[in-house]
**Q** 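Can you keep this structure in mind? I'll have questions shortly.
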Amino acid sequence: MTPLTSRAWPQRLGYLLLAAVLLFALAGPLLWPDYAGQQLMRFLETPSLAEPLGRDQLGRSVIARLASAARLSLWLAGLCVLSAALLGCLLGVLSAWRGGWTDTVLRGLADGVLALPGLLIVLIFSAMAQGGFLTLYIGLALAQWVEYFRMTRARSRLLLASPHVEASRLLGFGPAHIVRRHLWPELAPMLLTMMSFGLATAILALSTLGFVGVGIQPPTPELGLMMTEALPHYSEAPQLLLAPVAVLALTLAALVLLRPLEVNS
């Protein structure tokens with residue numbers, strides 16, 4: 001096995017795991033659409049061919065709720081990470097490009113946000129609206145944008161002072177060309193890696209908030225909320241707790257394994 005292949009297999013495994021989770025999150029709600037329907041007569045029903053994970057304490061389909069919860073976590077976390085990355089990158093490049101008072105103000109703002117723990121920021125926003133989608137989105141995005149800002153600013157400052165960028169400016173090329181030709185190729189691998197870990201962090205934060213009761217509120221299915229609801233019934237139906245834990249663990253493992261492959265020419 002060559003060094004390149006040995007470095008590539010964890011990433012391939014990550015793609016495989018992530019594809020499986022995405023397939024379940026997208027196809028699951030189509031196969032089991034009724035995640036809210038209650039049939040109390042089927043309380044804690046054991047798994048069957050029609051219901052592979054059985055039914056919960058209210059007679060709801062566990063696999064339907066699990067698929068909807070996985071889809072919710074993925075799209076909400078993805079939206080938060082994309083927003084945080086876009087805001088952080090734009091402000092980072094602006095800070096490095098303009099310098100002066102612009103750089104001072106933006107660095108001060110970033111340091112102020114960084115002084116607060118990220119989960120505390122999300123908790124504050126979540127508590128204001130009792131786990132609403134919009135407040136969770138804003139809280140998670142605000143908690144993560146600083147990481148992208150600091151990395152983009154530090155790297156952009158070095159690149160903008162390089163001879164290649166100076167030559168482009170002397171030749172009359174504008175900011176769009178410099179960003180596309182010089183900044184983006186250098187920033188993209190690091191940004192993709194940060195977004196992979198940021199997505200894992202956002203999914204874990206959503207599950208943590210749901211588990212402690214300040215995240216997504218019932219009856220909307222969410223991984224952390226499903227764990228909390230399943231705890232009192234673990235001895236009778238362990239799959240109620242193990243199923244969301246397994247989906248969460250597989251998703252986090254897949255995202256951690258994903259990282260840009262470095263090829264030395």
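Just so you know, these numbers use all the heavy atoms, side chains as well, and skip hydrogens, waters and symmetry mates. The structure displayed is predicted, hence computed values, not measured ones.
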**Q** Are Val247 and Tyr15 joined in one hydrophobic group, where the rule is that I, L, V, M, F, W and Y side chains link up if heavy atoms are under 4.5 Å apart?
**A** yes

**Q** Can you tell me how far apart CG (Leu106) and CG (Asp111) are? Round to the nearest 0.5 Å.
**A** 11.0 Å

**Q** Starting at OG of Ser207, measure out to CE of Met226 and round the result to the nearest 0.5 Å.
**A** 11.0 Å

**Q** Let's go through Leu187 and Ser156 carefully: what are the C-alpha distance in whole Å and the side-chain angles of both, what is the deciding distance for side-chain contact (heavy atoms from CB on, under 4.5 Å) to 0.1 Å, and is it a yes or a no?
**A** CA-CA 8 Å; Leu187 295 175; Ser156 297; 3.9 Å; yes

**Q** Do you reckon Leu58 sits in the same ILVMFWY cluster as Met227, going by side-chain contacts under 4.5 Å, direct or chained?
**A** no

**Q** Can you find a pair of side-chain heavy atoms, one from Trp184 and one from Leu191, that are under 4.5 Å apart?
**A** yes

**Q** Of the non-hydrogen atoms in Leu140 and Ala205, which two are nearest, and what is the gap between them?
**A** CD2-CB, 3.8 Å

**Q** side-chain contact (heavy atoms from CB on, under 4.5 Å) for Leu109 and Phe149? Distances and angles first, verdict last.
**A** CA-CA 11 Å; Leu109 178 62; Phe149 167 79; over 6 Å; no

**Q** Side-chain contact test, heavy atoms from C-beta onward, threshold under 4.5 Å: evaluate it for Leu158 versus Arg155 and give yes or no.
**A** yes

**Q** When rounded to the nearest 0.5 angstrom, what is the spacing between OG1 in Thr201 and CG in Leu255?
**A** 9.5 Å

**Q** Heavy-atom distance under 4.5 Å between the side chains of Leu240 and Gln57, does that happen here?
**A** yes

**Q** Treating Ile, Leu, Val, Met, Phe, Trp and Tyr as nodes and any side-chain heavy-atom pair under 4.5 angstrom as an edge, say whether Leu199 and Leu26 lie in one connected cluster.
**A** no

**Q** Run the side-chain contact (heavy atoms from CB on, under 4.5 Å) check on Val245 and Leu223 step by step: do they pass?
**A** CA-CA 8 Å; Val245 170; Leu223 295 176; over 6 Å; no

**Q** Any idea which heavy atoms bring Ala243 and Leu53 closest together, and the distance?
**A** CB-CD1, 3.9 Å

**Q** Roughly how far, to the nearest 0.5 Å, is CG of Leu225 from CG of Leu72?
**A** 10.5 Å

**Q** Check whether more than 12 heavy atoms from other residues, nucleotides or ligands sit under 6.0 Å from atom NE2 of His177, and answer yes or no.
**A** yes

**Q** Mind checking whether Leu94 and Leu90 have side chains closer than 4.5 Å, heavy atoms only?
**A** no

**Q** Using atom types as modelled and distance alone, determine if a side-chain donor or acceptor of Ser196 lies under 3.5 Å from a backbone N or O of Leu192.
**A** no

**Q** Report whether Leu86 and Val113 are members of the same hydrophobic cluster (ILVMFWY, side-chain heavy atoms less than 4.5 Å apart, transitive linking).
**A** no

**Q** Does Arg169 CZ have over 12 foreign heavy atoms under 6.0 Å away?
**A** yes

**Q** To the nearest 0.5 Å, what is the distance between CD1 on Ile63 and CG on Leu31?
**A** 8.0 Å

**Q** Measure the shortest side-chain to side-chain distance between Leu18 and Leu257 over non-hydrogen atoms and say whether it is less than 4.5 angstrom.
**A** no

**Q** With a 6.0 Å cut-off (strictly less than), is the heavy-atom count around CZ of Arg181, excluding the residue itself, greater than 12?
**A** no

**Q** Please examine the side chains of Tyr137 and Leu134, heavy atoms only from C-beta on, and report whether any two atoms are closer than 4.5 Å.
**A** yes

**Q** Are the side chain of Gln38 and the backbone of Leu40 linked by a donor-acceptor contact shorter than 3.5 Å?
**A** no

**Q** Cation-pi check, Arg71 to Trp32: give yes when NZ or CZ is under 6.0 Å from the six-membered ring centre and within 45° of the ring axis, no otherwise.
**A** no

**Q** When you compare the side chain of Asp103 with that of Arg153, does any pair of heavy atoms fall below 4.5 Å?
**A** yes

**Q** What distance separates Arg107 CZ from Leu114 CG, expressed to the nearest 0.5 Å?
**A** 13.0 Å

**Q** Could you tell me whether a side-chain N or O of Thr228 sits under 3.5 Å from a main-chain N or O of Phe211, the two making a donor and an acceptor?
**A** yes

**Q** Check whether any side-chain N or O of Gln144 sits under 3.5 Å from a backbone N or O of Leu142 as a donor-acceptor pair, and report yes or no.
**A** no

**Q** Show your working on side-chain contact (heavy atoms from CB on, under 4.5 Å) between Val93 and Leu160 and close with a plain yes or no.
**A** CA-CA 10 Å; Val93 172; Leu160 291 173; 5.8 Å; no

**Q** Looking only at heavy atoms, which two atoms of Ala253 and Leu17 are closest? And how far apart?
**A** CB-CD1, 4.5 Å

**Q** Between Ser95 (side chain) and Leu91 (backbone), is there a donor-acceptor pair under 3.5 Å?
**A** no

**Q** On a heavy-atom basis, which atom in Ile203 and which in Ala77 lie closest, and how many Å separate them?
**A** CG1-CB, 3.5 Å

**Q** Looking only at non-hydrogen atoms, find the nearest pair between Val62 and Glu51 and report the distance.
**A** N-OE1, 4.5 Å

**Q** Considering all heavy atoms of both residues, which atom of Tyr35 and which atom of Pro221 are nearest to each other, and what is their separation?
**A** CE1-CD, 3.3 Å

**Q** With heavy-atom distances below 4.5 Å as the criterion, would you say the side chains of Leu159 and Ile178 are in contact?
**A** no

**Q** Look at atom CZ of Arg42 and say whether more than 12 heavy atoms of other residues, nucleotides or ligands are closer to it than 6.0 Å.
**A** yes

**Q** Hydrophobic cluster membership, with links at side-chain heavy-atom distances under 4.5 Å among I/L/V/M/F/W/Y: are Met190 and Val81 in one?
**A** yes

**Q** Before you tell me yes or no, could you show the steps for Ser168 and His182 under side chain to side chain donor-acceptor pair (under 3.5 Å), namely the whole-Å CA-CA distance, both residues' side-chain angles and the distance that decides it to 0.1 Å?
**A** CA-CA 9 Å; Ser168 297; His182 299 286; 2.8 Å; yes

